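A short worksheet on the structure shown next.
Quantities reported herein were computed from a predicted structural model and do not represent experimental measurements. Naming convention: chains lettered A, B, ... in sequence-line order (proteins, then strands); numbering from 1 in each chain.
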Number of protein chains: 2
Amino acid sequence: MAANRRPTLADVAKEVGVSAKTVSRVLNEDGPSSPQTRERVLAAVAKLGFQPNLMARNIRVGGPDTTVGLVVPDLGNPFFGTVASGIEDVVRSRGLTLLMGSSAEDPDREKALIQTFLARRVSVLMVVPAFGADHSHLKAPRTAGLPVVFLDRPGVGLSADCVVSSNRTGVHEGVSHLIARGHSRIGFIGDLPAKLYTQRERLAGYRSALAEAGLPYDRTLVTGAHSQDGAASETTALLNLPNPPTAIFAGNNMMALGVIAQLARARRKDIALITFDDLPLAEALEPALTVVAQDPATIGETAAKTALARLDGAHSRVRTIMVPTRLVIRGSSELLPHAARPTTARN
Amino acid sequence: MAANRRPTLADVAKEVGVSAKTVSRVLNEDGPSSPQTRERVLAAVAKLGFQPNLMARNIRVGGPDTTVGLVVPDLGNPFFGTVASGIEDVVRSRGLTLLMGSSAEDPDREKALIQTFLARRVSVLMVVPAFGADHSHLKAPRTAGLPVVFLDRPGVGLSADCVVSSNRTGVHEGVSHLIARGHSRIGFIGDLPAKLYTQRERLAGYRSALAEAGLPYDRTLVTGAHSQDGAASETTALLNLPNPPTAIFAGNNMMALGVIAQLARARRKDIALITFDDLPLAEALEPALTVVAQDPATIGETAAKTALARLDGAHSRVRTIMVPTRLVIRGSSELLPHAARPTTARN
DNA sequence: GTGAAAGCGCTAACAG
DNA sequence: CTGTTAGCGCTTTCAC
């Protein structure tokens with residue numbers, strides 16, 4: 001249990017009988033070194049279990065730390081986990097390690113986390129902005145050369161690269177699909193009132209699809225909640241409307257769960273449904289769930305590539321990159337509205 | 001776009017006209033300082049946007065870096081994401097930041113990641129061991145005082161603290177529940193042959209529940225796959241048996257998805273089902289899915305507390321801590337076996 | 001209360 | 001091919 005000091009470069013040097021710099025050279029394959037010394041250094045390294053102190057190295061080299069700072073609102077959300085996965089896949093080859101933390105959707109906590117990352121001199125900073133957060137405090141670090149990329153939602157108070165899902169287009173496509181099936185009264189249940197960028201965009205997509213089809217926008221069909229149970233209640237409310245919808249679009253995962261649960265409880269198999277964001281069990285539902293699937297891995301990869309390009313000195317204008325969603329038609333969207341339903345079985 | 005050097009302690013000192021040490025004192029609230037200097041230092045810090053370089057600090061102080069290294073097999077898996085969330089909740093108050101990486105269930109990649117973390121002098125190391133990985137290389141760092149904790153699965157080749165789900169007991173409870181409902185032929189579909197610790201434990205729980213009830217262990221009822229589709233096929237195979245099971249226990253999430261999908265496709269609503277690990281849509285299925293739920297947040301918290309206790313010098317023997325699972329009875333397990341079928345389970 | 005010098009572990013810059 | 005010196009940004013130690 002002895003707390004032996006971890007060996008240092010000097011320890012290895014002494015063991016071998018060379019200078020510290022020589023050991024450094026061997027380990028970093030910097031400059032030349034004779035096979036023999038090489039051999040003996042490596043042996044000593046193995047014997048002592050030496051591991052170079054990356055902090056000391058980074059500090060001397062002067063550059064940023066070989067880390068990527070990533071702030072997400074919720075570590076347990078698989079969407080962000082998959083985003084992180086995409087980032088790691090890209091930055092790993094550059095020897096960068098992921099520094100991760102959760103803002104818990106709290107601006108203060110986000111800021112504290114970012115400060116910590118800045119103090120650690122991360123190579124790049126990637127942030128999924130918390131609701132209500134401001135990022136003007138990142139101006140100085142950015143000017144000093146720190147690549148900053150926002151993911152999933154644009155940042156506020158700072159002009160920086162941004163990678164988001166094509167929320168608006170995705171919902172537009174989904175709603176158009178329902179309209180093409182004959183639905184004209186389509187409910188929208190989102191995380192409303194829309195405090196979050198993503199929800200605003202998705203609602204806009206809903207509206208644009210209606211407009212494109214020449215359908216009226218009926219405010220009574222648009223509702224929202226902030227929990228699964230809330231979404232369930234809103235589902236009931238929609239279905240109890242004098243002129244109820246024949247189809248529902250759920251604006252995010254949580255809403256989707258509430259809507260699905262409620263439709264199941266109410267045994268309403270006659271309501272068409274599309275949800276935003278895929279779910280693991282989507283295929284096993286009856287009917288299987290049609291979704292507008294996002295591509296979090298690609299979001300992460302794209303953001304990472306963008307950031308690394310900046311790190312390599314890319315000076316192009318800041319961009320907002322849309323990662324396409326994909327309409328996955330499974331079955332829940334194929335139900336025809338009551339009016340159109342009667343006789344003909346669909347193909 | 002000028003890449004101005006980030007300001008240093010010396011810059012602040014020069015700005016104020018004091019020594020670097022004075023600035024350091026003010027910032028760390030170490031030693032005394034006159035209100036005036038304090039004031040002026042703080043002003044200069046704000047003006048220059050100075051942020052102390054944590055790497056430099058850590059290197060001088062000599063202790064470990066204020067980071068927690070966490071290795072998981074898959075960043076996109078919400079189970080591990082929630083584990084990470086639990087860890088962060090605990091270590092955040094100590095000012096520790098999460099350094100995270102994915103082994104992709106590859107021992108070599110896991111080892112490389114661990115080496116990187118060691119080189120960064122993480123304060124504690126937490127690992128969800130990849131299948132086939134060996135951890136004897138961690139003996140030296142551990143002896144040198146690095147707390148090491150394994151999560152979800154025990155490590156190999158190293159005696160260290162370990163926090164796992166009560167897999168065996170959890171499955172035992174689930175299977176006993178099915179037996180109590182009158183089922184005597186219960187299929188088990190796992191990630192078999194069981195390469196992973198968790199699967200071995202869960203299978204053991206299955207067997208012990210049968211044994212406890214005096215039921216025979218029928219090998220034809222125990223099967224496995226490594227994919228969702230595989231699980232679906234195995235489900236079909238089980239149901240086509242001459243003497244098929246009336247209930248199925250799915251050994252993990254992936255198996256669960258396959259089984260559920262296949263039962264839905266085959267319209268077999270007469271098969272009781274319990275799966276290990278909860279699913280977001282479990283309540284919305286028909287019938288709602290009974291699960292043996294794990295508690296990943298508690299696993300993470302427990303592991304973090306254990307590691308921090310070691311960091312604080314706890315010298316107790318290494319322990320394996322079981323985090324209880326919870327049988328969540330929803331509906332899919334309440335189906336009774338075909339009344340007509342006599343339970344002639346032999347051979 | 002404050003400062004000067006030394007040094008954490010490592011590498012850049014120059015020797016030889 | 002290898003060693004020496006200096007210094008990254010910070011804190012420790014010891015002075016005043």
Respond yes when some side-chain nitrogen or oxygen of B/R57 is under 4.0 Å from OP1 or OP2 of D/dT11, and no when none is. yes
Report yes if a side-chain nitrogen or oxygen of B/T37 is closer than 4.0 Å to either non-bridging phosphate oxygen (OP1 or OP2) of C/dG1; otherwise report no. no
Which residue, B/A56 or B/G17, contacts DNA chain C at a nucleotide closer to its 5' end, judged by nearest heavy atom? B/G17
Which whole-number value in Å describes the distance from A/N53 CG to C/dT11 C1'? 13 Å
Atom-to-atom span, CG of A/L9 to P of D/dC8 - whole angstrom: 19 Å
Checking C/dG1, D/dG7, D/dC10 against the side chain of A/R60 (C-beta onward), the nearest is D/dG7
What is the distance, to the nearest angstrom, from the CZ atom on A/R25 to the P atom on D/dT4? 11 Å
Figure out the CG/C1' separation between A/D30 and C/dA13, and round it to whole Å. 12 Å
Any donor-acceptor pair under 3.5 Å linking the side chain of A/H135 with the backbone of A/V156? yes
Identify which nucleotide among D/dT12, D/dC1, C/dT11 has an atom closest to any side-chain atom of A/V61, counting heavy atoms from C-beta outward. C/dT11
For the side chain of A/R25 and the backbone of A/D30, is there at least one donor-acceptor N/O pair under 3.5 Å apart? no
Atom CG of A/D65 and atom C1' of D/dG9: how far apart are they, to the nearest Å? 14 Å
B/R120 pairs by side chain to side chain donor-acceptor pair (under 3.5 Å) with which of A/N53, A/T67, A/D65? A/D65
Rounded to the Å, how far apart are A/R121 CZ and D/dC10 P? 7 Å
Is any side-chain N or O of A/S33 closer than 4.0 Å to OP1 or OP2 of D/dC1? no
Rounded to the nearest angstrom, tell me the gap between atom CG in A/N28 and atom C1' in C/dA12. 12 Å
Minimum side-chain heavy-atom gap B/L98-A/L98 below 4.5 Å: no
For a quick test of reading the model: is some side-chain N or O of B/T22 closer than 4.0 Å to OP1 or OP2 of C/dG3? yes
Taken to the nearest whole Å, NZ/A/K21 to C1'/C/dG9 is 13 Å
Using a cut-off of less than 4.0 Å, is there contact between a side-chain N or O of B/T8 and OP1 or OP2 of D/dC8? no
Among B/R319, B/R317, B/R310, which one satisfies salt bridge (charged side-chain N to carboxylate O under 4.0 Å, His left out) with B/D161? B/R310
Students often get this wrong, so: under 4.0 angstrom with heavy atoms, is B/N58 touching a base, only sugar-phosphate, or nothing? nothing
